[in-house]
Amino acid sequence: MQYLLQVRLEQVRRELLQADPTTAAVQTIARRWGFAHLGRFSAAYRNAYGEYPRNTLRR
């Protein structure tokens with residue numbers, strides 16, 4: 001299960017880095033990769049990458 005979580009987080013990060021921050025939403029991208037509970041997703045993302053997903057999107 002940990003491997004699948006890691007793969008899904010990597011895919012979300014890839015999309016966030018490529019997305020236009022004026023039109024993309026973290027929620028939409030996270031749900032596309034199967035994250036239903038956004039609070040848990042955000043915590044897992046921060047643990048994995050040291051920043052919140054919204055910060056990655058704004059780069």
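Only this structure's heavy atoms are used, side chains among them; waters, hydrogens and symmetry mates stay out.
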Same cluster or not: Leu5 versus Leu16, using hydrophobic residues (I, L, V, M, F, W, Y) connected whenever any side-chain heavy atoms lie under 4.5 Å apart? yes
Between Ala44 and Leu9 the two heavy atoms that sit nearest each other are O-CD1, 4.0 Å
Rounding to 0.5 Å, atoms CG (Leu38) and CZ (Arg31) come to a distance of 4.5 Å
Scanning both residues in full, the closest heavy-atom pair of Ala24 with Ile29 reads CB-CD1, 4.4 Å
Taken in chain and number order and not counting sequence neighbours, the residues that satisfy side-chain contact (heavy atoms from CB on, under 4.5 Å) with Ala43 are none
Contacts satisfying salt bridge (Lys or Arg N to Asp or Glu O under 4.0 Å) that involve residues 8-19 (not counting sequence neighbours) are Arg13-Glu51, Glu15-Arg32
With sequence neighbours left out, the residues meeting side-chain hydrogen bond (donor to acceptor under 3.5 Å, both in side chains) with Asp20 are Thr22
Taken in chain and number order and not counting sequence neighbours, the residues that satisfy ring pair (Phe, Tyr, Trp, His ring centres under 6.0 Å) with Tyr49 are Tyr45
In short, salt bridge (Lys or Arg N to Asp or Glu O under 4.0 Å) pairs touching residues 39-48 with sequence neighbours left out are none
Interatomic distance, OG@Ser42 vs CD@Gln27, rounded to 0.5 Å, equals 12.0 Å
In terms of heavy-atom contacts, Val26 and Pro53 come closest through CG1-CB, 3.6 Å
Minimal heavy-atom distance between Pro21 and Leu57, with the atoms involved, is CB-O, 3.5 Å
In short, ring-ring contact (aromatic ring centres under 6.0 Å, His included) pairs touching residues 12-36 with sequence neighbours left out are Phe35-Phe41
Hits for side-chain contact (heavy atoms from CB on, under 4.5 Å) against Ala25, two or more places apart or cross-chain, chain-then-number order -> Thr28
